[in-house]
Amino acid sequence: MTTQTAAAPSMLSTAEQRSAARQLTLAMLALGLLGLGLVWRWLSPEQTGVSQLLLGLASLLVAVPVMRSAWYSLRYPSLHGITDQLIALAMMGAWATGDLLTAALLPIIMIFGHVLEERSVIGSQEAIHALGRLTRSHARKVQADGSIIEIDNATLKAGDIVEVRAGDRVPADGRVLSGQASLDTAPITGESVPLEAIVGMQVFGGAINLDGLLRLEVTRTGNESTLGKVIALMQSAERSKPPITRLLERYAGSYMVLVLLLAAVTWFVTNDAQAMLAVLVAACPCALVLSAPATAIAGIAVAARHGILIRSSAFLEELADLTSLVVDKTGTLTFGTLRLQSIDSPVEDRSTLLKLAASLGSASSHPVSRALAGLVAQEHFLLLSDIRERQGLGVVAMTEQGEAALGRPELFAQLGIATSTVPVHDGPIAGLALDGRFLAWLLLADSVKPEARFAMRELRELGLGRQLLLTGDRQSVAHSLAHEVGISDVEAQALPEDKLNRVLTEIDNGFRPMVVGDGINDSLALKAGVVGVAMGAGGADIALASADIVLIGSDLRRLGTCVRLSRQCRQTLQVNVIIGLGWTLAIVAFAAFGWLGAAGAMIAAVLHNLSTLLVLGNAGRLLRFQEPLLKLKEEG
């Protein structure tokens, strides 16, 4: 049923969500009574009164929201309102002929269908709220006399000076006045490698200070900040996205008028009330109305079995017509975490180097240190003492063999340790020294997922031949990865607004893009794309809430599964529409000519319910869809 508001908002209010929950509860209770009535009719066919009573109670339960919505739609006409009137008319026609099964089944199905569609709207509300929570934090404002007070970052103004300690979130966009630190900018740019912030550099609000102490001059706050613009753009993208309307709703007004005229003509020509009621019952579009929700529910169930969470049934249809792919890098094509790629060292005993690097790495919270700490089991860590973390440079500690150091090249310059030439590498590099002797350079990088190349090739074979890598990472890194996975078009160093504009450009050029990402920086693009797909494992809450589809296991091969399942759902839906419409027209014609006999209404009800069973059975065939993931070595 439609929600009880005079204007259609872009998101469901709390009251509307409660109304949907009440309707769903009534539908569940009515469905239970309906099932009980049918079971009673089957077990005790001679006790038809009990069966009819149960079916009648089921129809009365859902009659309240049906009639209320129909009355409301008369006062506030809308596209959904016409459907509500049609349902009420069909229910009254079923009541008039004593077909309580149809009277209960039709509104139950419609309630489930509308609740399913409203899920995408609720998801938009969750997304914007999640992003809003990220922008709210405390700030340490530096007063004119040098004292520091803690305030809400919403009260900051351009020109204010703030202090950002290790572990704090940068409260607003600003320029570094003093200090040095590593910033986790993944929430904004999607870059997995920490940004080394130095004096004069511009930093974004929402980034996390991993180490060091910074003083910033605030340059942009509130709606003018990067995150503030993301919120505003997301709200705009949500409003600009056209609502998905069903074929039945599009022509419901004309259909209802036609049914009423046909019923009136039948009564005038035949003077037979049974024939007129048979037309009303036969014209009840239960099978047609059921065709889309039944297909969608089956498709969603199959998708869930394959680790694919579909937030709205409509995107099962949209997926079938995609023509391009816009994909993020970090956390999507790659794992999104730093891994040791190689070691540049004359020392042959790699296990000794790894133990020392992991032991020192465990003494720091820096992402590079955390990646190195995971190389060795904790029980194999060396005993460290006098641990000193140099802000933004690395870690120094005492071991049984002497003083050990792990960090950036600048750290060894401060310690007076001569190093070998720093290797050329797209990614973070950490040096390792022991007792004044330089041992190795450790080269780290974010590694590509093993299934990425296969998944991109599969999507091209499915018709998504235009593929774009859209990332906030550096040009060199982006082009190297694109070449590795087989993507020719690359746009690097892109901020959220840049990603949104590129997706909108794709749409303006006539393409229908699938947008795949996992971070906050992808949320705008996910909303703007025809279909947005988020990585479920490790994906940001805002990305998961913004996406139309979530890959629970983050396996990129499931993108192909999504497309194939969608196309199977579309074929099933087309068959169901043909069954629902063709069967209905045939029964209406038989009823109008009086060919159904004296018990025309009851025969029409039986035939009508048979078409419903055919639609359900055809939708149920989708449940046989199964695509197990093969091992990568078997896939070639």
Side-chain angles (χ1 to χ4, degrees), residues 163-170 176 179-199 201 203-204 206-214 330-331 334-344 353-376 378 381-382 384 386-399 403-415 417 419 422-423 425-434 438-447 472-474 477 519 538:
E163 181 180 85
V164 184
R165 301 170 300 180
D168 289 347
R169 190 181 295 276
V170 177
V176 179
Q180 181 177 352
S182 299
L183 298 182
D184 179 6
T185 61
I188 310 301
T189 66
E191 173 61 76
S192 60
V193 178
L195 173 70
E196 301 300 334
I198 58 175
V199 174
M201 181 177 290
V203 296
F204 299 115
I208 300 172
N209 185 2
L210 300 172
D211 53 30
L213 181 68
L214 296 176
T330 306
T334 68
F335 287 101
T337 56
L338 292 174
R339 300 186 179 195
L340 181 62
Q341 192 174 68
S342 62
I343 300 176
D344 185 350
L353 294 177
L354 293 180
K355 285 182 182 179
L356 180 59
S359 303
L360 290 168
S362 66
S364 172
S365 60
H366 193 281
V368 172
S369 298
R370 291 200 302 265
L372 293 174
L375 295 174
V376 175
Q378 189 171 354
F381 285 170
L382 303 178
L384 303 179
D386 191 22
I387 300 171
R388 304 180 302 282
E389 185 167 5
R390 303 288 184 92
Q391 292 183 357
L393 295 177
V395 178
V396 179
M398 292 300 299
T399 70
E403 186 179 67
L406 173 73
R408 300 173 60 188
E410 293 84 352
L411 173 64
F412 302 100
Q414 287 187 7
L415 296 175
I417 299 175
T419 68
V422 180
H425 175 61
D426 278 326
I429 299 177
L432 184 66
L434 178 63
F438 186 77
L439 299 178
W441 290 114
L442 307 172
L443 284 62
L444 295 92
D446 186 7
S447 54
D473 216 332
R474 300 183 302 279
V477 176

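Here the structure is a predicted model, which means the values were calculated and not measured. For the numbers below, each heavy atom of this structure counts, side chains included, while hydrogens, waters and symmetry mates do not.
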Chemist: Return the minimal non-hydrogen interatomic distance between Ser369 and Gly361, and the atom names on each side.
Modeler: CB-O, 3.3 Å
Chemist: Please report the shortest heavy-atom distance between Val395 and Ala363, naming the atom on each side.
Modeler: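 Residues Val395 and Ala363, closest heavy atoms: CG1-CB, 4.1 Å.
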Chemist: Has the side chain of Asn209 got a donor or acceptor atom that lies under 3.5 Å from a matching backbone atom of Asp168?
Modeler: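 Absent.
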Chemist: When you compare the side chain of Pro409 with that of Thr419, does any pair of heavy atoms fall below 4.5 Å?
Modeler: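 No, their side chains stay 4.5 Å or more apart.
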Chemist: Kindly give the heavy-atom pair with the smallest separation between Phe438 and Gly431, and that separation in Å.
Modeler: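 Closest approach of Phe438 to Gly431: CE1-CA, 3.9 Å.
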Chemist: For a 4.5 angstrom cut-off between non-hydrogen side-chain atoms, does Ser364 reach Asp211?
Modeler: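 Of all side-chain heavy-atom pairs linking Asp211 with Ser364, none is under 4.5 Å.
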Chemist: Would you give the length of the straight line joining atom CG of Leu356 to atom CG of Leu406, rounded to the nearest 0.5 angstrom?
Modeler: 8.0 Å
Chemist: So, for Arg390 and Leu411, which heavy atoms are closest and what is the spacing to 0.1 Å?
Modeler: CG-CD1, 3.7 Å
Chemist: Would you please name every residue forming a salt bridge (Lys or Arg N to Asp or Glu O under 4.0 Å) with Glu389, sequence neighbours left out?
Modeler: none
Chemist: Do Leu360 and Thr399 have side chains that get closer than 4.5 Å, going by heavy atoms?
Modeler: no
Chemist: Distance check, rounded to the nearest 0.5 Å: Gln341 atom CD versus Leu444 atom CG?
Modeler: 8.5 Å
Chemist: Roughly how far apart are Leu338 CG and Leu442 CG, rounded to 0.5 Å?
Modeler: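 Atom-to-atom, Leu338:CG and Leu442:CG are 12.5 Å apart.
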Chemist: Can you name the residues that form a salt bridge (Lys or Arg N to Asp or Glu O under 4.0 Å) with Arg388, not counting sequence neighbours?
Modeler: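 Testing Arg388 for salt bridge (Lys or Arg N to Asp or Glu O under 4.0 Å), a comparison that skips the adjacent residues, returns Asp386, Glu403.
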Chemist: To the nearest 0.5 Å, what is the distance between CE (Met201) and CD (Glu196)?
Modeler: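 One finds 8.5 Å between CE of Met201 and CD of Glu196.
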Chemist: Phe381: what forms a ring-ring contact (aromatic ring centres under 6.0 Å, His included) with it, not counting sequence neighbours?
Modeler: none
Chemist: For residues Leu183 and Leu214, determine if any side-chain heavy atom of one lies less than 4.5 Å from a side-chain heavy atom of the other.
Modeler: yes
Chemist: Once you round to the nearest 0.5 Å, how far does CZ of Arg408 lie from CD1 of Ile429?
Modeler: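 Going from the CZ atom of Arg408 to the CD1 atom of Ile429 covers 11.0 Å.
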Chemist: Just verifying a value: how many Å separate Leu353 CG and Leu372 CG, rounded to the nearest 0.5 Å?
Modeler: 11.5 Å
